[in-house]
Amino acid sequence: MGKGIFFTSASMLLAVIITTTLRHHNHHHNRPNNPSLPNYTSNASKLLRSNGFNFISNFLHISPELFLSNTDSSLTIFAVPDAAISNLSIPPYMIKHLLAYHTSPTQLTLQDLFKKPLKTCLPTLIPHHTVSITKIDYKRRVLEINNVLITHPDLFLQGHVTIHGVAGSFATFDHHQESIVLPFCEADDIGGFVKNKDEWGRMIKFLGSSGFMAFAIGLKSVTDGIFKDFPDLNSVTVFVTRNVALRVMSSPLLDKFMRFHIVTQRYGFKELEGLPPGAKLSTLVTGKHVGVGENSKVVMIDGVSITAPDLLVSKNMVVHGIARALSMDELSSMSR
C-alpha cells in the first residue's frame with residue numbers, strides 16, 4: 001500500500017511539473033484555459049484512479065485541456081497503466097507527445113472498434129500518426145491496438161468521450177536517439193499490393209492447379225480492370241468455388257460476379273470466426289457487402305459455408321473455398 005501511495009503522489013507531482021512546464025513553454029502560442037471544459041473530467045479522473053491508472057488520472061484532473069479543447073470534442077483515450085509509463089523512462093517534456101499518441105479525436109466504444117476491420121488505422125492527436133487494430137476476437141471479447149490488449153473496455157463513457165484501459169504503451173522509447181518510437185500502421189502503406197501483379201499471378205496459378213480452373217480463368221480476365229479501378233487496394237480476401245458456370249455469363253456480369261467474391265480486407269479463417277454475427281464485409285462491387293454468419297459452428301458467407309478455409313494465405317491476401325457461388329440475385333442490375 002505504501003508503494004502505491006508513493007507512486008500516486010509521485011505521479012501527481014510529475015504531472016504538475018510537466019503541465020506547468022508545458023503551459024509556460026506554450027504561453028505565447030496557446031489560448032488560455034477554457035472554463036467551459038466538461039466537468040465530467042473529474043468523474044473520469046476518479047474512475048481512472050480507482051482502477052489503478054493514477055498517472056493518466058492526474059493529468060486529466062490537473063490539465064484536461066491537454067486532451068479536451070472544448071465541450072464538443074469527440075475523444076477516445078487509451079489509458080496506459082502506471083507501470084508501463086514508469087518502465088518507458090521517457091523525459092518529462094515528451095509526456096504530452098506520448099499522451100497524444102494514445103488519444104484519438106473520434107469517439108470509439110468497444111462495440112465501435114469491433115465493427116472495424118482488422119488492421120484499421122485509427123487517427124491520433126499526432127498528425128499523420130495512427131494506431132492499428134491488430135487483433136479482433138468478438139466471441140472472446142478480445143481486441144488489441146498496436147498488439148496491446150484493451151484490459152478495461154469502456155471504462156468511462158460520457159458525453160463525447162470514451163476511455164479504455166490498456167495493458168501497456170502503444171509506443172516505445174529509444175534511449176539512444178532520445179525519441180518516442182511510433183509503430184507503423186500497415187494499412188497506411190496503401191497502393192503496393194494491388195500493383196503487385198506477381199502476387200495476383202501466383203494466386204491465379206494456384207487456383208488453376210488446385211481444381212478451381214474456371215474461377216482462375218474468370219479472375220484472370222478481370223484483374224486489369226481491378227488494378228485500374230482500385231489503385232489503392234491494400235489487401236483482399238477471395239472466396240472461390242468449383243461449382244460455377246462462368247462461360248454462360250456476359251462479360252459485364254462476369255466482371256461483377258468476380259468482384260462480388262472479393263472482399264477489400266484480408267481475413268483469415270480465425271478472424272472471420274471472431275467477427276460478430278451479421279458483420280458486413282465490403283466487396284469490390286461498389287456499395288455491396290457480404291454478411292458473415294454461423295450455422296452449427298460452420299462459418300457462412302452470405303449463407304454459403306466455407307468448406308476449405310485458408311486455402312492460400314499471404315501477407316496481403318487470403319483465399320477461402322466455399323460450397324457454391326454467392327447469390328447472383330441483383331448482380332445483373334449492379335453497377336461497378
Side-chain angles (χ1 to χ4, degrees), residues 108 110-122 132-144 185-188 190 193-194 199-200 203 207 212 215 218-219 222-223 225-226 229-241 244 255-295 297-331 333-336:
L108 297 164
L110 184 67
Q111 192 62 31
D112 293 332
L113 290 170
F114 271 125
K115 293 177 182 177
K116 304 285 186 184
L118 192 68
K119 295 186 179 180
T120 294
C121 295
L122 308 173
S132 175
I133 298 177
T134 51
K135 182 175 182 178
I136 298 176
D137 190 332
Y138 184 84
K139 291 181 179 178
R140 296 177 178 83
R141 307 298 287 174
V142 170
L143 193 141
E144 293 183 0
C185 185
E186 287 187 33
D188 284 339
I190 59 175
F193 166 62
V194 74
E199 191 164 359
W200 283 81
M203 174 176 64
L207 292 174
F212 299 91
F215 199 96
L219 185 59
V222 302
T223 50
I226 291 175
D229 294 344
F230 298 91
D232 294 333
L233 185 63
N234 188 49
S235 60
V236 296
T237 302
V238 185
F239 298 103
V240 303
T241 179
V244 61
D255 184 77
K256 295 167 188 174
F257 174 87
M258 300 307 301
R259 293 179 183 225
F260 192 57
H261 285 73
I262 302 175
V263 168
T264 59
Q265 293 282 342
R266 180 190 181 281
Y267 292 97
F269 187 68
K270 289 293 184 183
E271 293 159 356
L272 290 173
E273 281 188 314
L275 293 175
K280 298 293 184 181
L281 310 180
S282 298
T283 71
L284 294 188
V285 180
T286 303
K288 297 298 178 180
H289 305 76
V290 292
V292 179
E294 187 175 293
N295 184 12
K297 296 185 179 180
V298 176
V299 177
M300 316 281 283
I301 301 297
D302 262 11
V304 180
S305 59
I306 295 179
T307 53
D310 296 337
L311 267 176
L312 179 65
V313 178
S314 71
K315 179 181 178 182
N316 299 302
M317 70 166 60
V318 178
V319 177
H320 303 292
I322 54 178
R324 57 178 173 80
L326 300 178
S327 175
M328 294 285 289
D329 294 346
E330 302 181 11
L331 273 179
S333 63
M334 290 181 186
S335 60
R336 288 186 184 182

Asp310 side-chain N/O to Phe269 backbone N/O, donor-acceptor pair under 3.5 Å: yes
Straight-line distance of Thr283 OG1 to Lys256 NZ, nearest 0.5 Å: 12.5 Å
Trace of the side chain to side chain contact (heavy atoms under 4.5 Å, CB included) decision for Gln265 with Leu281: CA-CA 8 Å; Gln265 293 282 342; Leu281 310 180; over 6 Å; no
Side chain to side chain contact (heavy atoms under 4.5 Å, CB included) partner of Met203, the single match among Val240, Leu311, Val238: Val238
Closest non-hydrogen atom pair between Ile262 and Ile226, with its separation: CD1-CD1, 3.9 Å
Minimum-distance pair of heavy atoms, taken over all atoms of Pro276 and Phe114: CD-O, 4.3 Å
Stepwise side chain to side chain contact (heavy atoms under 4.5 Å, CB included) check, Phe215 with Met258: CA-CA 8 Å; Phe215 199 96; Met258 300 307 301; 3.4 Å; yes
Spatial distance of atom CG (Leu275) from atom CG (Asp137) [nearest 0.5 Å]: 9.5 Å
Point-to-point distance, once rounded to the nearest 0.5 Å, from OH of Tyr267 to NE2 of His320: 10.5 Å
Donor-acceptor pair, side chain of Arg266 and main chain of Ser314, under 3.5 angstrom: yes
Thr307 to Ile322 - nearest heavy-atom pair and separation: OG1-C, 3.6 Å
Within the 6.0 Å centroid threshold, strictly below: Phe239 and His261: no
Check: Val244 and Phe257 side chains under 4.5 Å, non-hydrogen atoms: yes
From Lys116 atom NZ to Leu122 atom CG, the distance as rounded to the nearest 0.5 Å: 7.0 Å
Pairwise side-chain contact, Val222 with Arg259, heavy-atom cut-off 4.5 Å (strictly under): no
CA sep, side-chain torsions, deciding dist, call: Val290, Val304, side chain to side chain contact (heavy atoms under 4.5 Å, CB included): CA-CA 10 Å; Val290 292; Val304 180; over 6 Å; no
Side chain proximity check, Thr264 to Leu284, heavy atoms < 4.5 angstrom: yes
Point-to-point distance, once rounded to the nearest 0.5 Å, from CG of Asp229 to OG1 of Thr286: 8.0 Å
Reported NZ-to-CD distance for the pair Lys119 and Glu271, which is rounded to 0.5 angstrom: 7.5 Å
Audit row: Val318, Leu312, side chain to side chain contact (heavy atoms under 4.5 Å, CB included) steps and yes/no: CA-CA 6 Å; Val318 178; Leu312 179 65; over 6 Å; no
